[in-house]
Student: 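Just dropping this structure here.
Every chain is numbered from 1 and lettered A, B, ... according to where its sequence line falls, protein lines coming before strand lines. Note that this is a predicted model, so its numbers are computed, not measured.
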Amino acid sequence: MNEVFIFDHVRTPRGKGRPDGALHTIAPVHLAASVLRALKARNHIDPEDIEDVGLGVVMPVGEQGADITRFALLQAGYGENVAGYQLNRFCTSGLDTVKMGFGLIASGQADAVIGGGVESMSRVPIGSDGGATYTDPTLGRDYPYIPNGVCADLMATLDGFTREELDTYGVESQRRAALAQSSGWFERSLVPVQDAFGNVVLSRDEALRPGTTLSDLAKLKPTFASAGEAGFDAIVLRRYPHLEAVQHVHTGGTSSGIVDGACAVLLGSRAHGLRRGLQPRARIVACATCASEPLLSLGGPIPVTDKVLARSGLKIDDIDLFEVNEAFAVVPMRYMQNYGIERDRINVNGGAIALGHPLGATGAILIGTALDELERRGLSRALVTLCAAAGQATALIIERI
Amino acid sequence: MTKHIQIVVDAEGIALISLDVAGRSVNVFTPEFTRELRTIVDAVTNRSDILGAVVTSGKPAGFMAGADLLDFVNVHDRGLSPRDAAGLVADAAATLRQLERCGKPVAAAINGFALGGGFELCLACHYRVLLDEPKTVVGLPEVTVGLLPAGGGTQRLPRLLGVAKALPLLLSGRHVGGAEALQLGLVDALVSANDLLPTARRWVLAHPGYVQIWDRKGFTIPGGAGALASHANESFGVGMARIRRDTQDNEPAPVAVLASVYEGTLLPIDRGLAIESAYFGQLLAGPVARNLMRTMFIHSGPARRLARRPEGLPKHPVRRLGVLGDGPLATTIAVWAANVGIDVVSLDVANPNVNYQVLRGCDFIVDALIDGLQLKTSIRQLAVEAIGPLESVVWASAVVEQTLTDQAAKWHQPEALIGIHLPTPEGSSKLVELVQHATTSHQTLARAFDFVAQLKKLPIVVNDGPGAYIGRLSRAYIEEGQVMQAEGVMPALIQNAARQAGFLNLPLSNAVRGDSVPPAIVQPSLADVKNRLLYATALESVRCFEAGIVTDPADADLGAVFALGYPKWTGGTLSFIETVSLKGFVDECDRLAGLYGDRFHPSKGLRERATTGQKFYPSI
């Protein structure tokens, strides 16, 4: 198996996923093109070297549909001869494109590939793509879709996490993200987004709420109580009948934010780096994907971590930093509890609760966040993992050179 | 020559088609009716002198009901396959489709209620005029008996109204009155009796060669269909969650309705009708539809109409009711009676200054005294002295604590003594249990029936014994819950299992749950907890049946469902056994007895039934 290296990573700042968000006027194809253009410029990419380009897109419909990657590449000046594809496995999509690229290079089928993702949640909202899982009654009877927030509340109930513990996590996520932003720790990967005049519309992550306190979060109403009452609680209690009830403990303050954003990661072989004079920043050690109990939906990160550790021959203590996507606070909290990981090794610069979760892009963004921080701290290994709906997850371990 | 449908063609070429099924007070679909309807449709289609048609009813009672449930209730017992079950209505459905595509305008002049198949016939017409009278309703109630409208109802209604407006009607099966039917678009006009036929005729004359809107090129479902419709999440996603919450997956009909609408509205109508037929066949061949049809409709109807009242005795409604006692039971009975206009006298016998004279003139006394037999007898004596001669008074005991036989031994007119049990003192139950002892007279029983009818409750009649029938059933259910709790089964698991099995009331009260034992380390499976509750109750029902406490299987089932809140989908305790199969039930009892105690051992009689296959219900 060939070694696979990460040469570079860029991302847009994440804009609020609302009509007044800074990136709302930027069409997703231009958002994707802006990171591809920046990656090309920073690394003097010769398009001929690129075997394939994958972007994670969780709502691949409307202006985000029809293989947006191919057209973003054309728009970004890669010429006519670079192929691109879209990929959707819910929230792991961005990480999965890196996994696909890893496979191509490791197996000797490519010298260089680009992974990444794009999601303009303000323009192509969640739910735009339909899907049998949400609507087909006979499927729903056998394999029910449960809104992820209800699943998060179910997991918190099963593991006994209280509202206050979750809120405490949410406050800390905000604090860390604000510190990292004000200290400039995100700068290395950030590519400002420009409008048609060439004016910068956004240069830093927009959705943070610095100074958020516990009492601020205590005021928020549980977001998913009404969905639970509508029937989803009754469905999960059919599988977990020893529970009295689902405790609805997650709020807007402990759930990932809705944002717009894009990112791109350049992967290549050792030979590619030597030929183009590029310094590899990290090596991809191993990756894995798994699926677990579909009704819990968000339970994948733990089994997939077990799997990727076994595959790499590493132990949990061999990992210096973890990025576990903050889809909901309970996901990293459960992860810490399971592995006995201290809070200072996981999501050290905050996460999606503060910074937002542009669905298709987040997986690849987290690789860059982890890599930048490993370098800043002079550490070696990081593990990145995200849960994807219906019990799926992908994990990937990187190691600095 | 047709027997059930008349057709008259007038000078302007409009055929007046009059539905009048011979030998029935209400129009229903019968095989013969369907054959005639096809002949009529052929005539409308082919005869050049006919330019259009108006369909109306020749019955004063109403336009048309749907199928006759007696034709459907035995389908499961006959072992028909889903395909064969669907075949039972295929001709009728195809005929409605032919009518719809006859190439000429057809209007329905709906001169009375049109429900189920009757309203589906109207939906297959091109225009609907409804008689504007308060009692005239339309609707598709099939889901309430575990079925779906198989004459195109799940396809035409969403094509007419849009999925979002059609689903609540299809999933609730509710009857819709005239004004709302017009507002929803279920009918096109609401007119007085004189205008009914003229309005329908005018429309037909004005629309020669009419083509149904969903048979026109470019037709789309109002509001859209499928996963990308703006209402999809609410209609199908949340809709499904709501159904699963409300049915706990015990009733297949609502899911089948939703699936038929979801899948069928993505297709051309003929393909959609085929989808509907497949879902209908599965429902009709299954046991749950049989149970719901039999208990909720075929048995509860006659019970409500006092089928078991002794024959030949004149009606004798209560004029003046005396109620003894001051507890919730006494209050409930007094309120029920007052609400239906009965003159009620309540007597709080605990009050030392109580004046028994007010009972004078009462022809029916309900005794809700919870005191011991001794005290009760002396109070009654006081009451009797006040009322005077007792010949025409029925004395009804509402308390379950003492058997009627014990009470009768201390009573000089035992033939006038009867039990009237309310399953819940606060009065939430729709059912009343009448308890007769060895010498209760027919007159007394008949008058008790008349009283229950005045109260608009559902009566069952059982024989005397400790706890009578409902009391014993209820105790068996609650005790099984308490036994499990004492074994260390988590209370939440017990309550959730009861809820998921479909019980309306949970076995553990809050008071009982307070002193819970620590949960056992190994918890039983959900299936076992559910089965213990279902089987313990069903076994007690069998014991009551074998002891002659309850003598009619229908009463046993009605009592279980309407008084105890035994799961509706089972059809009741005895129907549940037949749903599982006699042999399957006995086998599971043996397994439960081995694991959880001798009370699950089936009786000798039940074992014999399992061997011989002799069911509780004769096949209809």
Side-chain angles (χ1 to χ4, degrees), chain A residues 59-62 64-65 88 124-151 153-154 157-158 160 224-248 294-295 297 389-390, chain B residues 163 167 171 224-250 252 254-264 266 275 278-279 282 489-501 513 519-520 523-527 529-530:
Chain A
M59 293 296 141
V61 294
Q64 230 160 241
N88 177 21
V124 190
I126 290 180
S128 298
D129 64 339
T133 182
Y134 308 117
T135 52
D136 188 324
T138 52
L139 178 67
R141 179 188 59 201
D142 301 335
Y143 295 99
Y145 161 77
I146 307 293
N148 284 319
V150 175
C151 300
D153 288 339
L154 170 64
T157 308
L158 286 168
F224 307 100
S226 58
E229 272 166 35
F232 294 106
D233 282 357
I235 297 174
V236 301
L237 288 177
R238 293 185 60 71
R239 179 135 185 177
Y240 297 96
H242 60 287
L243 291 181
E244 293 277 346
V246 177
Q247 305 297 325
H248 291 287
L295 210 140
S297 197
Chain B
V163 172
L167 275 177
L171 289 171
L228 286 174
S230 59
H231 60 80
N233 185 50
E234 174 61 23
S235 295
F236 305 117
V238 179
M240 187 65 188
R242 220 179 276 128
I243 288 171
R244 297 195 65 194
R245 177 194 66 193
D246 296 343
T247 67
Q248 294 290 337
D249 297 347
N250 291 317
V255 181
V257 167
L258 195 67
S260 183
V261 170
Y262 173 76
E263 295 173 37
L266 289 165
I275 297 275
Y279 279 114
Q282 293 171 55
V489 180
M490 293 167 86
L493 181 57
I494 298 171
Q495 304 290 72
N496 279 326
R499 206 177 275 127
Q500 293 182 22
R513 296 193 53 181
Q523 290 288 316
S525 71
L526 175 67
V529 180
K530 275 160 99 168

Student: What's the separation between atom CG in Leu243(A) and atom CG in Leu154(A), rounded to the nearest 0.5 Å?
Tutor: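 Going from the CG atom of Leu243(A) to the CG atom of Leu154(A) covers 6.5 Å.
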Student: Given that the side chain runs from C-beta out, which part of Gln248(B) has a heavy atom under 4.5 Å from chain A: side chain, backbone, both or neither?
Tutor: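 Interface part for Gln248(B): both.
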Student: Between Glu234(B) and Arg242(B), does the salt bridge (charged side-chain N to carboxylate O under 4.0 Å, His left out) criterion hold? Intermediate values first, please.
Tutor: CA-CA 10 Å; Glu234(B) 174 61 23; Arg242(B) 220 179 276 128; 2.5 Å; yes
Student: How many angstroms lie between atom CG of Leu139(A) and atom CE of Met240(B), to the nearest 0.5 angstrom?
Tutor: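 So the CG of Leu139(A) and the CE of Met240(B) are separated by 9.0 Å.
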Student: Please rank Gly127(A), Ala132(A), Gly231(A), Ala234(A) by heavy-atom pairs under 4.5 Å with chain B and give me the top one.
Tutor: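 Top count of heavy-atom pairs under 4.5 Å with chain B: Gly231(A).
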Student: Side chain from CB out, backbone as N, CA, C, O: work out which of these in Ser128(A) comes under 4.5 Å of a heavy atom of chain B, or both, or neither.
Tutor: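 When you check distances to chain B, only backbone atoms of Ser128(A) fall under 4.5 Å.
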Student: Do Pro125(A) and Met59(A) have side chains that get closer than 4.5 Å, going by heavy atoms?
Tutor: no
Student: Judged by atom type as modelled, is there a donor-acceptor pair below 3.5 Å linking the side chain of Glu263(B) to the main-chain atoms of Thr138(A)?
Tutor: no
Student: Tell me, out of Pro137(A), Gly130(A), Gly140(A), Ala245(A), who's got the most heavy-atom pairs with chain B below 4.5 Å.
Tutor: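 That would be Pro137(A).
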Student: Give me the contact list for residues 141-151 of chain A versus chain B, heavy atoms only, anything under 4.5 Å, ordered by residue number.
Tutor: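 The list, in residue order, reads Arg141(A), Pro144(A).
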Student: Hey, are the side chains of Tyr262(B) and Asp136(A) touching, using non-hydrogen atoms and a 4.5 Å cut-off?
Tutor: yes
Student: Would you say that Thr157(A) contacts His248(A) through its side chain, given a criterion of any heavy-atom pair below 4.5 Å between the two side chains?
Tutor: no
Student: Is it the backbone or the side chain of Gln523(B) that comes under 4.5 Å from a heavy atom of chain A, or both, or neither?
Tutor: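 Neither the backbone nor the side chain of Gln523(B) comes within 4.5 Å of chain A.
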Student: For Asp233(A), is it the side chain, the backbone, both or neither that has a heavy atom under 4.5 Å from a heavy atom of chain B?
Tutor: neither
Student: In terms of heavy-atom proximity below 4.5 Å to chain A, should Ala497(B) be classed as side chain, backbone, both, or neither?
Tutor: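 For Ala497(B), neither part sits under 4.5 Å from chain A.
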Student: Between Leu258(B) and chain A, which part of the residue has a heavy atom less than 4.5 Å away: side chain, backbone, both or neither?
Tutor: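 Both the backbone and the side chain of Leu258(B) come within 4.5 Å of chain A.
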Student: I'd like to know whether Phe232(A) forms a side-chain contact (heavy atoms from CB on, under 4.5 Å) with Val246(A), so could you lay out the CA-CA distance, the side-chain angles of the two residues, the decisive distance to 0.1 Å, and finally the verdict.
Tutor: CA-CA 10 Å; Phe232(A) 294 106; Val246(A) 177; over 6 Å; no
Student: So, the side chain of Asn496(B) versus the backbone of Glu244(A): is there a donor-acceptor pair under 3.5 Å, distance only?
Tutor: no
Student: Where do Gly224(B) and His231(B) come nearest, in terms of heavy atoms and distance?
Tutor: O-NE2, 2.8 Å
Student: With chain A, which of Asp249(B), Val489(B), Val255(B), Val238(B) has the greatest number of heavy-atom pairs at distances under 4.5 Å?
Tutor: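 It is Asp249(B).
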